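Structure first, commentary second.
Within every chain, numbering begins at 1; the chains are lettered A, B, ... in the order of the sequence lines, protein sequences first and strands thereafter. When reading the values below, keep in mind they use all heavy atoms of this one structure, side chains included, and skip hydrogens, waters and symmetry mates. Since we're looking at a predicted model, the values are computed, not measured.
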Amino acid sequence: MQQYVTLKIDDARVQAIKGASVLDAAMASGICIPHLCYVPVLKDSGACRLCIVEVVNDGRTKITASCTLNAEDGMVIRSNTERIRKLRKNIAELLVAQAPNSRAVQDIAVRCGVKEVRYPFRNDNCIQCGRCVRYCTEYSKANALGFVGRGKNRHVEFALGFRRDFCKKCGFCTEYCPMSVTPCGGSMKSGEGRLCGNCESQTATADKFTGVCVRCELGRGFGCVRQTYV
Amino acid sequence: MTALNSILKGRQSQPHLLIEVLHDVQDLYGYLPEEAMSAVAQELGVPLMEVYRVACFYKAFSLKPRGKHVFTVCTGTACHVRGAKLLIDQVKGQLNIEPGETTEDGLVTIENVNCVGACALGPVVIQNGAYCHHMTPGKLRKAIDKSRGKKKKEERAHA
């Protein structure tokens with residue numbers, strides 16, 4: 001028999017299966033916490049940090065990523081406080097600065113309230129969310145991709161530098177990559193500080209009518225759970 | 001390949017021995033050849049990606065063939081404060097190579113690492129596994145000259 005735990009997310013009582021993450025619990029109840037590196041079928045790695053929440057414990061709050069946080073009985077979670085919004089906006093801004101040519105990252109950044117990016121662009125075209133690597137190792141079990149190097153030299157690479165025979169050529173690494181969809185307004189240039197205009201207008205509508213989903217087109221790999229509730 | 005087989009003997013299907021095995025392979029060849037890494041991956045039951053990842057992560061492993069004499073310059077905080085940068089500059093000027101590279105004659109390799117754990121003795125240079133403490137650019141120049149000069153004498157003797 002499945003055991004359930006009860007926790008409070010944004011003052012709402014939420015039931016979750018024991019062992020599920022806080023992010024899972026929130027989305028199952030229709031509370032949308034922004035997330036990027038999270039893929040339902042894969043292990044959570046807490047790479048993008050967009051899904052940060054406040055955990056209230058004895059009157060003190062701790063900020064942590066909700067995808068790697070196990071839901072426990074009596075937990076009190078706040079996902080939409082002023083402090084969290086500010087931090088999340090900053091994280092989204094850094095992600096855009098790291099990889100400005102991604103529609104998914106821009107969309108999420110706009111949803112987190114980013115209007116302009118204050119950081120210099122790095123144009124890495126990779127935010128190291130590890131979606132491709134985790135899919136390759138955990139789901140397709142090909143182990144063709146992996147993170148190589150450390151610190152600022154960490155990057156995704158094939159084993160020994162080129163595609164091996166054991167790559168199954170399933171193509172899901174690109175399918176799941178947030179960089180595979182280019183922004184509708186074209187790629188961003190340094191100093192322009194412009195985010196995809198289409199998404200911005202969508203947010204504006206969502207602001208006017210509460211409960212309206214932005215329905216950001218985040219590519220097929222990015223099926224937003226929220227869309228099923230609209 | 002027999003030497004490699006003796007390293008892998010009795011260690012098959014034990015993924016936790018990966019780093020140990022890689023150390024032995026490194027000692028055997030001086031670096032990690034691709035074929036050796038593939039063999040290690042197959043014998044230990046570790047994905048090749050994992051072997052490559054570990055080999056890239058640690059500075060102790062080299063993927064390129066290294067020279068006969070390996071000078072490892074510590075550029076940790078303590079050594080940096082005591083002038084490790086001068087040592088690197090000295091090497092660059094003398095051998096015309098960057099850290100991590102090998103001279104064209106395949107004699108000297110210069111590497112830099114972040115800390116070797118001998119901060120009180122800094123700046124530290126490790127010459128073929130031997131720790132040389134309180135290094136100065138002058139001392140380092142002499143040590144490099146000596147390691148290269150020996151070869152020249154040998155060549156002369158052969159000629």
Closest approach of [X] and [Y], non-hydrogen atoms and distance?
X       : Y       : answer
Y52(B)  : V148(A) : CE2-CG2, 3.6 Å
L160(A) : M37(B)  : CD2-CE, 3.3 Å
C56(B)  : G149(A) : CB-N, 4.1 Å

For [X], does the [atom1] atom sit with more than 12 other heavy atoms under 6.0 Å from it, leaving out its own atoms?
X       : atom1 : value
R78(A)  : CZ    : no
K139(B) : NZ    : yes
K169(A) : NZ    : yes
K85(B)  : NZ    : no
Y58(B)  : OH    : no

Part of A142(A) within contact of chain B (heavy atom distance under 4.5 Å):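 Answer is neither: A142(A) stays 4.5 Å or more from chain B.
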
Contacting region of F158(A) [heavy-atom separation from chain B under 4.5 Å]: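 When you check distances to chain B, only backbone atoms of F158(A) fall under 4.5 Å.
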
Leading residue by heavy atom contact count with chain B [cutoff under 4.5 Å; candidates E157(A), R154(A), R150(A)]: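 Max contact count across the listed options: R150(A).
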
